[in-house]
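One structure is given here, and the rest of the page talks about it.
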Amino acid sequence: MFNWIFKNRSKEREGGVRSALWDAAGGGARLSNWAPASTSFLNNVPPDVLVRRAEDLHRNNPWARLAVDCLTHNAVQAGIKPHPQIADPAMRAMVQREWARWTDQTDFNGRHDFYGFEQAVLRSVIITGEAIVRLVLAPDQRVPLQLQLLGREFLDNSRVDSRTLNGIRYDDAGRRVSYWLFQKHPATAPNMLSVEVPAEQVIHVYAQDRPGQERGVPWLAPAMLPLRELQEYLEASLVKQKIAALMTAFITTQDGTNPLNGTPGQPPTLEPGAAVVLQPGQDVEIATPPPATDFEPFVRQQLRAIARALGIPYELLSGDVSQVTFASGRHSLLEFRRHLESIQDHILVHQFCRPVWLAWVRMATITGVLPGAAEQYADVRWICPQIEMLNPKDETQNMVAQVRAGFVSRSEMVARSGWDAEQIDVEISADNARADRLGLVLDSDPRRTTVQGQSQQDQGGQQQ
């Protein structure tokens with residue numbers, strides 16, 4: 001049998017019967033209905049219907065809403081914060097003070113601080129596939145710079161010529177030179193003309209799925225059809241259960257009169273406790289569909305597939321922890337953490353945070369808020385928050401071990417929790433000074449007591 005198969009396959013290869021050397025690229029009845037469209041659409045604008053459906057799912061589908069919130073809240077949390085690589089502590093503290101002051105006036109529309117703006121950018125990328133941020137000059141600010149978040153519809157796709165494609169203009173080398181943007185939402189003025197904005201004033205954030213991709217695709221796209229169909233399945237199941245729960249009496253009279261004084265010719269609606277009058281000769285036949293014994297396993301399996309498509313643990317998307325053990329829960333959270341780190345480092349930090357920082361230090365040095373040249377402040381490390389694990393005690397011990405071993409700095413560990421190390425140090429110093437002044441000896445003070453609660457004093461009575 002195997003020799004026969006081998007000989008026939010050899011003849012197919014020699015005679016050119018097979019359409020390709022790859023089985024997945026072959027033809028025949030088995031693959032006749034697999035004819036995917038060309039992926040060249042990624043070089044153009046994704047269909048508007050795809051974006052509209054993604055926005056509709058985010059508005060009305062509970063799992064789509066939860067998925068978007070889960071990704072944005074866990075990836076940003078309290079914010080991805082900069083840590084300037086400046087040797088002088090006083091200079092570094094001064095830069096951080098000026099940055100903290102500017103973050104409250106970041107948003108051109110006044111809705112977010114900088115870290116809330118990070119979350120809004122990521123939410124736009126997940127739902128619509130991209131976020132367009134315009135750097136706006138703000139003369140009334142100490143550092144005259146603000147950020148304006150625009151929807152993808154602000155980019156004029158009709159602008160096409162020898163160097164412009166989908167509203168983006170390129171130079172001879174293929175670099176982006178400018179963007180054609182509407183000054184207002186195009187829905188408010190259909191005949192409004194777009195204006196050309198230099199690329200230095202625009203930050204275009206999106207995930208590049210293939211080389212040369214110009215625009216982003218909604219991250220919900222792989223799960224949009226299952227999300228929609230699962231919602232319809234649950235709605236149909238709910239209606240079926242509601243009808244099954246109705247207790248309705250059917251009455252047949254000899255002369256066709258209605259003893260309940262109902263409206264003649266109008267069949268009453270089914271509701272609990274209703275009495276339906278039938279005409280002579282009429283009969284009622286109730287549909288009795290088989291019970292859905294596989295309802296819960298089916299929904300659970302569908303949600304698992306949706307969660308995998310979106311890169312979210314099943315238990316976070318569904319809220320179902322009935323089958324989660326400590327090991328499986330930790331495994332899924334570790335995978336989720338790696339997924340979040342990829343989003344943080346390769347999309348938010350590289351595409352959004354770094355360009356904003358460079359623009360901010362440039363404006364701050366031009367206006368004299370920061371002394372010297374902008375280049376001396378360009379080196380910055382962005383500290384991303386991390387998702388907590390199932391056992392905080394073990395995680396804390398792990399962080400302490402990493403700091404004691406010198407693998408990471410204490411400042412970075414503090415920044416991962418969303419706080420600033422310098423601010424924490426000031427608060428700790430103030431707490432210690434107040435405790436010393438009042439004569440308090442706390443077992444949480446490592447200057448006086450060990451982890452085991454023993455006194456931190458040598459034989460001479462001096463603190464070690």
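Every heavy atom of this structure was used, including side-chain atoms; hydrogens, water molecules and symmetry mates were not.
Classification of R176 and D171 as a salt-bridged pair fails, no side-chain N sitting under 4.0 Å from a carboxylate O.
Under the side-chain contact (heavy atoms from CB on, under 4.5 Å) criterion, V136 pairs with F108, R134, Q148, sequence neighbours left out. For H346, there are no side-chain hydrogen bond (donor to acceptor under 3.5 Å, both in side chains) partners two or more places apart in sequence or in a different chain. Not counting sequence neighbours, the partners of S194 by the side-chain hydrogen bond (donor to acceptor under 3.5 Å, both in side chains) test are D156, R159. Under the side-chain contact (heavy atoms from CB on, under 4.5 Å) criterion, L438 pairs with R434, L440, sequence neighbours left out. Considering only residues two or more places apart in sequence or on other chains, W357 meets the ring pair (Phe, Tyr, Trp, His ring centres under 6.0 Å) condition with W99, W360. Residues meeting the side-chain contact (heavy atoms from CB on, under 4.5 Å) test with Q351, sequence neighbours left out: V205, I347. Shown here are the side-chain contact (heavy atoms from CB on, under 4.5 Å) partners of A221, two or more places apart in sequence or in another chain: L50, V217, M224.
Counting only residues at least two apart or on different chains, the salt bridge (Lys or Arg N to Asp or Glu O under 4.0 Å) pairs with a member in residues 84-111 are R92-E422, E98-R142. Pairs engaging residues 171-192 under the ring pair (Phe, Tyr, Trp, His ring centres under 6.0 Å) rule: F154-H185, Y179-H204 [sequence neighbours left out]. Applying the salt bridge (Lys or Arg N to Asp or Glu O under 4.0 Å) test to every pair with at least one member in residues 311-335, sequence neighbours left out, gives these pairs: R300-D320, R330-E395, E335-R338.
Between the side chains of T103 and T106, no donor-acceptor pair is found at a separation under 3.5 Å. Under 3.5 Å, the side chains of N432 and D436 contain no donor-acceptor pair of N or O atoms.
By the 6.0 Å and 45° rule, R163 does not stack over the aromatic ring of Y170.
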Enumerate donor-acceptor pairs with a distance under 3.5 Å from any side-chain N or O in residues 195-202 to protein atoms, sequence neighbours excluded.
| from | atom 1 | to | atom 2 | distance (Å) |
| --- | --- | --- | --- | --- |
| E196 | OE2 | S178 | OG | 2.5 |

Which pairs would a plain distance check flag for residues 374-385, meaning a side-chain donor or acceptor within less than 3.5 Å of a matching protein atom at least two apart in sequence or in another chain?
| from | atom 1 | to | atom 2 | distance (Å) |
| --- | --- | --- | --- | --- |
| Q376 | OE1 | A373 | N | 3.2 |
| Y377 | OH | P371 | O | 2.4 |
| R381 | NH1 | E412 | OE1 | 2.5 |

